[in-house]
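Here's the structure we're looking at; comments come further down.
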Amino acid sequence: MIDAIVIDKTDDTQTVDLTQIDPATLPERDVTIDVAWSTLNYKDALAITGSAPVVRKFPMVPGIDFAGVVRDSSHPDYKAGDKVILNGWGVGEVHWGGLAKQARVKGDWLVPLPDGLTMRQAMEIGTAGYTAMLCVQALEAQGVTPDSGPVAVTGAAGGVGSVATLLLAQRGYHVAAVTGRASEADFLKQLGAVEIIDREELSGKPRPLGKERFAGGVDVAGSTVLANLLSMTRYGGTVAACGLAAGMDLPASVAPFILRGVTLAGIDSVMCPAPKRRAAWQALAAELDLAKLGGLSVEVALSDVIATAPKFLTGDIRGRVVVPVAPDLG
Ligand code: NDP
């Protein structure tokens, strides 16, 4: 039997427990992995607390990402002992995820652990960090460079935002970190933010066009925050939108798009094609300052995951939460 967090639903009542499951009940897939490290993400918090319909099949093992060691494989690209990363593809939503001692998934979903990263570091980066890299790469694909001007990062003290801040600062951008937590200013400056902006400044009723402040942005918030960010984006700028921490709506006008040529670049990490995701992971391994990355994460034991999840919804999480499922594996 193996430890696993299991979310279940009968009638309209959701339950979530750390329990033991028979590995024989893992889904039929071609690669079985001993999970070494997993993480707790905003999406996992929504799933565990039942605050949003993230889980689409019950019972469900949550955990949208993990790093581990292949136990057995009938996939041509993987053999026992290989170290791998998984994130996305609906794992933890429609397919059993990483908050368990073992997982069985499609080999096509896996990314080999890049050289230079430990499994712990890969999960310090996790889906949040990989999404941050997709956002940065989207800005650069649209021609936003360090010379273009300040780039705003919303939810800067959270998982995606903190890695985006670090990555952009390392690439030489002037990062304007937007946060609701003034207490995190020093942390954000250590990551390389030049300006700290109070989230309140982007929380009022959005005007169709505001003062042109930013050459671009990485937005995890959506809703009013994203609408304000768009209205403050300079002529020809780009905002990469990946999240909905403030809400799923977008009370914006088309003015930034049709009068300033602003681009809204949508970022999805879940179904992102394999070549693009491998490129993002390679870039993360090559350029992230691992010493600073270490300071971004806190460890939460598998037994404390359920109690920690609600803190994501109250904005009480800083950086990344990593879960040592079987850290002896490496
Ligand atoms: P975290 O909870 O770690 O961080 C979210 C941050 O958003 C908080 O730390 C806070 O930052 C800020 N925030 C919280 N509430 C509000 C609010 N009401 N208005 C504005 N900002 C707010 O989550 P993650 O960083 O892991 O994820 C962020 C978002 O990105 C989530 O919506 C998540 O679902 C999404 N996401 C999307 C992916 C994709 O593929 N598109 C992949 C990964 C995540 P601060 O305290 O600094 O203000």
Side-chain angles (χ1 to χ4, degrees), residues 2-5 23 26 29-41 43-44 61-73 75 77-89 91-92 95-133 159-160 162-163 166-167 269 272 274 277-305 308 319-330:
I2 54 168
D3 293 342
I5 292 182
L26 290 169
R29 305 276 183 213
D30 52 4
V31 185
T32 306
I33 297 122
D34 287 318
V35 177
W37 292 87
S38 187
T39 79
L40 191 55
N41 289 276
K43 198 183 253 181
D44 301 319
V61 175
I64 63 167
D65 50 20
F66 61 81
V69 181
V70 172
R71 189 182 184 89
D72 55 64
S73 163
H75 189 283
D77 293 351
Y78 298 100
K79 59 180 188 325
D82 288 347
K83 291 181 175 170
V84 291
I85 304 171
L86 181 132
N87 55 311
W89 302 113
V91 169
H95 312 293
W96 284 12
L99 288 167
K101 292 266 179 189
Q102 279 180 34
R104 192 173 294 135
V105 299
K106 276 192 180 178
D108 291 346
W109 297 340
L110 296 167
V111 173
L113 183 73
D115 287 343
L117 284 185
T118 64
M119 289 190 283
R120 187 189 198 284
Q121 286 165 337
M123 286 300 101
E124 281 170 346
I125 296 169
T127 297
Y130 144 72
T131 303
M133 179 56 93
V160 176
S162 56
V163 183
L166 179 56
L167 280 172
S269 69
C272 177
R277 73 171 61 216
R278 286 181 187 222
W281 274 107
Q282 289 297 340
L284 286 159
E287 67 185 71
L288 249 193
D289 180 339
L290 296 177
K292 282 195 176 153
L293 179 70
L296 277 183
S297 60
V298 289
E299 270 185 32
V300 168
L302 196 58
S303 54
D304 292 329
V305 159
T308 304
R320 306 271 306 122
V321 175
V322 293
V323 181
V325 179
D328 294 350
L329 290 172

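The heavy-atom pair separating Pro23 from Arg104 by the smallest distance is O-NH2, 3.7 Å. Listed here is the closest heavy atom pair of Gly319 and Ser162: CA-OG, 3.7 Å. In terms of heavy atoms, Gly159 sits closest to Ala128 at C-CB, 3.7 Å. Across all their heavy atoms, Gly129 and Val163 have their closest contact at CA-CG1, 3.8 Å. When all heavy atoms are compared, the tightest approach of Val61 to Ala4 is CG2-CB, 4.5 Å. Between Asp65 and Ser38, the closest heavy-atom pair is O-OG, 2.7 Å.
Within the 4.5 Å cutoff, side-chain heavy atoms of Leu290 are placed close to those of Leu117. Inter-residue side-chain proximity for Leu167 and Leu284 is flagged as met; some heavy-atom pair is nearer than 4.5 Å. At a threshold of 4.5 Å between non-hydrogen side-chain atoms, the residues Cys272 and Thr131 do not count as touching. The shortest side-chain heavy-atom distance between Leu113 and Met119 falls under the 4.5 Å cut-off.
If you take CH2 on Trp37 and CD on Gln121, they are separated by 10.5 Å, rounding to the nearest 0.5 Å. Atom CG of Leu288 and atom CE of Met133 lie 6.5 Å apart (nearest 0.5 Å). The CG atom of Leu166 sits 6.5 Å away from atom NZ of Lys292, with the distance rounded to the nearest 0.5 Å. The distance from the CZ atom of Arg120 to the CD atom of Glu299 is 4.5 Å, given to the nearest 0.5 Å. Note that NZ of Lys106 is 12.0 Å distant from CG of Leu86, once rounded to the nearest 0.5 Å. One finds the CG atom of Leu99 at 11.5 Å from the CG atom of Asp3 (value rounded to the nearest 0.5 Å).
A donor-acceptor pair is defined here as one N or O able to donate and one able to accept, closer than 3.5 Å; such a pair exists between the side chain of Tyr78 and the backbone of Leu110. In terms of modelled atom types and a separation under 3.5 Å, the side chain of Arg320 and the main chain of Ile125 share a donor-acceptor contact. The backbone N or O of Arg277 sits nowhere less than 3.5 Å from a side-chain atom of Tyr130 that would complete a donor-acceptor pair. Judged purely by atom type and a 3.5 angstrom limit, Asn87 has no side-chain atom pairing as donor or acceptor with the backbone of Thr127. Formation of a donor-acceptor pair under 3.5 Å by the Asp44 side chain with backbone atoms of Ile64 is found in this model. Not one N or O on the side chain of Thr39 forms a donor-acceptor pair closer than 3.5 Å with the backbone of Gly126. Remark: side-chain polar atoms of Asp30 are paired, donor with acceptor, to backbone N or O of Gly107 under 3.5 angstrom.
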Exercise for the section: Could you walk me through whether Asp108 and His75 pass the side-chain contact (heavy atoms from CB on, under 4.5 Å) test, one step at a time? Expected result: CA-CA 8 Å; Asp108 291 346; His75 189 283; 2.7 Å; yes
Going by atom type alone, with no hydrogens or angles, which donor-acceptor pairs under 3.5 Å involve a side-chain atom of residues 321-330 and a protein atom two or more places apart or on another chain?
none

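Counting heavy-atom neighbours within 6.0 Å of Arg71 CZ, excluding the residue itself, gives a total of 12 or less.
The aromatic rings of Trp109 and His95 sit tilted relative to each other, their planes meeting at an angle between 30° and 60°.
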